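Below, read A as the first sequence line, B as the second, and so on, with proteins coming before strands; counting in each chain starts at 1. Small disclaimer: the values here were computed from a predicted structure and weren't measured. Computed from heavy atoms alone, side chains included, the values below leave out hydrogens, waters and symmetry copies.
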Amino acid sequence: AQTVTQSQPEMSVQEAETVTLSCTYDTSESDYYLFWYKQPPSRQMILVIRQEAYKQQNATENRFSVNFQKAAKSFSLKISDSQLGDAAMYFCAYRSASRNFGNEKLTFGTGTRLTIIP
Amino acid sequence: EAGVTQFPSHSVIEKGQTVTLRCDPISGHDNLYWYRRVMGKEIKFLLHFVKESKQDESGMPNNRFLAERTGGTYSTLKVQPAELEDSGVYFCASSRLTLAGGPPSSYNEQFFGPGTRLTVL
């Protein structure tokens, strides 16, 4: 079974600075997807960024980028130029890329609560 | 388009009572998922519907939980009788159908609802 570990329950960063959230995972599969989801206070969880394991290039979405180290099974999220609106709970998640039905569930970590200091 | 909606947003019940949670997926999304987050822990998968069929219910904790998706539209998750350890936030998500045998890049994003916070006293 796959597992996802987020070892930082809480992080804080000064507004406009850069912060990195850590995530490690364990799997025996070679094809999979990794995600970072963001859940702002009292709001819905939304997808921030996605990485396909077969791609060597790290995914980037505006101020959000990942450092994907497949051999080390590490998938960190870097937020540049942090803004007040980035304050949220961030969840790292894994999903098999198996082409069979029944493998679409997401496996999540415990989350990291990010606080932005004005 | 309207997002995934869940009802109620909060529910407080006593141990032994029954509660039914409802999820309305995004229109046209055949996949529907239920997840649960117990306080301070990870979000855990409960089950997955493809249309009205249960594709994967490996995460259902016990037979006190019953999920249905009649007609392949909205879904309900009933807990009967509720226990203290059932407290948590129940999330629903939906996505478009991914065809088996498709390329590795054929991924359909799961869109989440706001969750139902269940408190069992």
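- Surrounding NZ of B/Lys78 are at most 12 heavy atoms belonging to other residues, nucleotides or ligands under 6.0 Å away.
- In this structure, chain B has a heavy atom under 4.5 Å from the side chain of A/Gln39, while its backbone stays farther away.
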Carefully, step by step, assess B/Ile43 and A/Met45 under the rule side chain to side chain contact (heavy atoms under 4.5 Å, CB included). CA-CA 12 Å; B/Ile43 299 170; A/Met45 192 154 52; 3.8 Å; yes
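- Between the side chain of B/Tyr33 and the main chain of A/Leu106, no donor-acceptor pair closer than 3.5 Å is present.
- Annotation: the span from A/Leu47 atom CG to B/Glu109 atom CD amounts to 4.5 Å, rounded to 0.5 Å.
- The contact between B/Ser58 and chain A is made entirely by side chain atoms (from C-beta outward), counting heavy-atom distances below 4.5 Å.
- Of the atoms belonging to B/Gln110, heavy atoms from both backbone and side chain fall under 4.5 Å from chain A.
- Here the side chains of A/Phe108 and B/Tyr35 are in contact, with some heavy-atom distance below 4.5 Å.
- The environment of A/Arg43 atom CZ is sparse: at most 12 non-hydrogen atoms of other residues, nucleotides or ligands sit within 6.0 angstrom.
- Only the side chain of B/Arg37 comes within contact range of chain A, with at least one heavy atom under 4.5 Å from a heavy atom of that chain.
- Taking the six-membered ring where the residue is Trp, the centroids of A/Tyr37 and B/Phe112 are separated by under 6.0 Å.
- The 12-atom threshold is not exceeded at CD of A/Gln57, counting heavy atoms of other residues, nucleotides or ligands nearer than 6.0 Å.
- Enclosure of atom CZ in B/Phe7 is not indicated, since only 12 or fewer non-hydrogen atoms of other residues, nucleotides or ligands lie within 6.0 angstrom.
- Residue pairs meeting the ring-ring contact (aromatic ring centres under 6.0 Å, His included) criterion with at least one member in residues 5-31 of chain A, sequence neighbours excluded, are A/Tyr25-A/Tyr32.
- Note: B/Glu42 CD to A/Cys92 SG = 12.5 Å, rounded to the nearest 0.5 Å.
- In terms of hydrophobic clustering, with Ile, Leu, Val, Met, Phe, Trp and Tyr side chains grouped at heavy-atom distances under 4.5 Å, A/Met11 and A/Ile49 are assigned to a common cluster.
- A/Glu104 and B/Asn31 get closest at one heavy-atom pair: OE1-ND2, 3.3 Å.
- Surrounding NZ of A/Lys70 are more than 12 heavy atoms belonging to other residues, nucleotides or ligands, all under 6.0 Å away.
- The number of heavy-atom neighbours closer than 6.0 Å to NZ of B/Lys54, taken from other residues, nucleotides and ligands shown, is above 12.
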